[in-house]
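The structure under discussion appears below in the form of structure tokens.
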Amino acid sequence: MSSPRPETGTPRIFVLEDEAQIARLICASLTEYGFRCEHLSTGGQLLVRARQSAPDLCIVDLGLPDMDGMQVVRELQEISPCAVLILTGRNDVTDRVLGLELGADDYIVKPFEPRELVARVRSILRRYQRAAPADPVERTLARFGHWQFDSGRHTLTAADGREVSLSAAEAGLLTMLLQRPNKILSREQLLGERDVDPFDRSIDVRISRLRRKLDDDPHNPKLIKTVYGAGYLFSTQVSWE
């Protein structure tokens with residue numbers, strides 16, 4: 001049976017990897033499952049390319065010849081917010097947490113199983129598709145409390161006009177919460193996974209980031225409440241325009 005061919009409209013993925021052999025393996029694995037891939041070997045090349053044409057997802061190695069991968073993730077979220085999967089040989093917990101803090105959606109350590117990589121990519125993209133408004137023309141502006149959120153621009157605006165930029169991961173998570181106010185959402189629902197490792201704290205890190213940006217006291221949150229043993233609940237009225 002022949003592999004599915006990438007078509008216009010299928011997710012486009014930038015692969016930032018300086019080792020040619022690994023890059024070929026990543027691109028071949030993703031292309032086999034119908035994704036469109038573009039390989040870039042330096043952080044500078046990826047940032048220039050992302051300004052020209054925004055990808056749906058970037059796979060980012062941290063050990064690059066021209067700059068640290070964490071800096072790439074940070075700048076990428078500023079110039080062209082998109083989904084990010086870090087794929088690296090670094091297995092330090094500090095790197096994992098920092099990557100998630102900067103807006104990465106997932107973190108895989110080398111060596112990796114290509115089928116797992118494809119599954120993680122699919123999971124991330126499904127999560128973004130679920131968070132997207134049903135109608136791209138309407139219902140892109142949400143109002144709640146003293147805030148308004150533009151899902152198209154990934155921007156929060158406070159009552160005093162102060163704008164707070166969100167990464168693509170943060171915007172996707174906030175959209176899911178805003179679409180289901182006053183309902184408990186499990187970590188599995190928020191991550192788009194059926195089975196979540198009980199030691200996986202990635203969703204907790206993202207919730208913590210959102211609380212900080214929403215000025216929601218982490219010790220006594222009013223907006224995003226933790227329901228122990230169940231998940232999270234966005235505790236306020238939301239109106240979409």
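Any value given below was found using the heavy atoms of this structure, including those in side chains, with hydrogens, waters and symmetry copies removed. What you see is a predicted model, and the numbers here were worked out from it, not measured in a lab.
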Next item on the list: Using a cut-off of 6.0 Å, state whether more than 12 heavy atoms not belonging to Glu113 lie near its atom CD.
Entry: yes

Item checked: Smallest separation among heavy atoms of Leu76 and Cys58, with atom names -> CD2-SG, 3.7 Å

Margin query: Has Glu75 got a side-chain atom pairing as donor or acceptor with Val72's backbone, closer than 3.5 angstrom?
Written below: no

Margin query: Here's a test for you: under side-chain contact (heavy atoms from CB on, under 4.5 Å), which of Ile184, Leu185, Thr226 qualifies with Tyr232?
Written below: Thr226

Notebook entry, point to check: Is Asp216 reaching over with its side chain to a backbone N or O of Lys222, donor-acceptor style, under 3.5 angstrom?
Noted result: yes

Next item on the list: Dump the intermediate steps for side-chain hydrogen bond (donor to acceptor under 3.5 Å, both in side chains) on Arg24 and Gln21, then the final yes or no.
Entry: CA-CA 5 Å; Arg24 283 194 295 270; Gln21 185 174 357; 5.4 Å; no

Next item on the list: Carefully, step by step, assess Arg212 and Glu101 under the rule salt bridge (Lys or Arg N to Asp or Glu O under 4.0 Å).
Entry: CA-CA 11 Å; Arg212 288 200 303 269; Glu101 285 280 358; 2.8 Å; yes

Next item on the list: Mind running side chain to side chain contact (heavy atoms under 4.5 Å, CB included) on Asp215 and Trp147 for me, showing each step along the way?
Entry: CA-CA 10 Å; Asp215 300 326; Trp147 295 92; 3.6 Å; yes

Note to self: Please determine whether residues Val238 and Leu190 belong to a single hydrophobic cluster, defined as Ile, Leu, Val, Met, Phe, Trp and Tyr linked transitively by side-chain heavy-atom distances below 4.5 Å.
What the structure shows: yes

Next item on the list: Give the minimum heavy-atom separation between Asp105 and Ala169, together with the two atoms involved.
Entry: OD2-CB, 3.3 Å

Next item on the list: Return the minimal non-hydrogen interatomic distance between Ile79 and Leu47, and the atom names on each side.
Entry: CD1-O, 3.5 Å

Next item on the list: Write down the atom of Gln237, the atom of Asn182, and the distance for their closest heavy-atom approach.
Entry: OE1-ND2, 3.3 Å

Notebook entry, point to check: Has the side chain of Arg96 got a donor or acceptor atom that lies under 3.5 Å from a matching backbone atom of Asp92?
Noted result: no

Note to self: Please find the pair of heavy atoms, one from Leu87 and one from Lys110, that lie closest to each other, and give the distance.
What the structure shows: O-CE, 3.7 Å

Check: Are any side-chain N or O atoms of Asp106 and backbone N or O atoms of Leu85, one a donor and one an acceptor, separated by less than 3.5 Å?
Finding: no

Checklist line | Pairwise distance SG(Cys27) to CZ(Arg36) - rounded to 0.5 angstrom | finding: 13.5 Å

Next item on the list: Would you check if the side chain of Arg12 reaches a backbone N or O of Ala54 as a donor-acceptor pair within less than 3.5 Å?
Entry: yes

Next item on the list: Indicate yes or no for a side-chain donor-acceptor contact from Thr157 to the backbone of Glu163 under 3.5 Å, with no hydrogens or angles considered.
Entry: no

Check: Any donor-acceptor pair under 3.5 Å linking the side chain of Glu17 with the backbone of Glu19?
Finding: yes

Check: What's the shortest heavy-atom distance between Ser41 and Leu16, and which atoms?
Finding: C-CD1, 4.0 Å

Note to self: Nearest 0.5 Å, please: how far is CZ in Arg122 from CG in Leu57?
What the structure shows: 13.5 Å

Note to self: If we ignore hydrogens and angles and just use 3.5 Å, is the side chain of Asp66 paired with the main-chain N or O of Gly44 as donor and acceptor?
What the structure shows: yes

Notebook entry, point to check: Between Arg206 and Leu173, is there a donor-acceptor pair closer than 3.5 Å when you use the side chain of the first and the backbone of the second?
Noted result: no

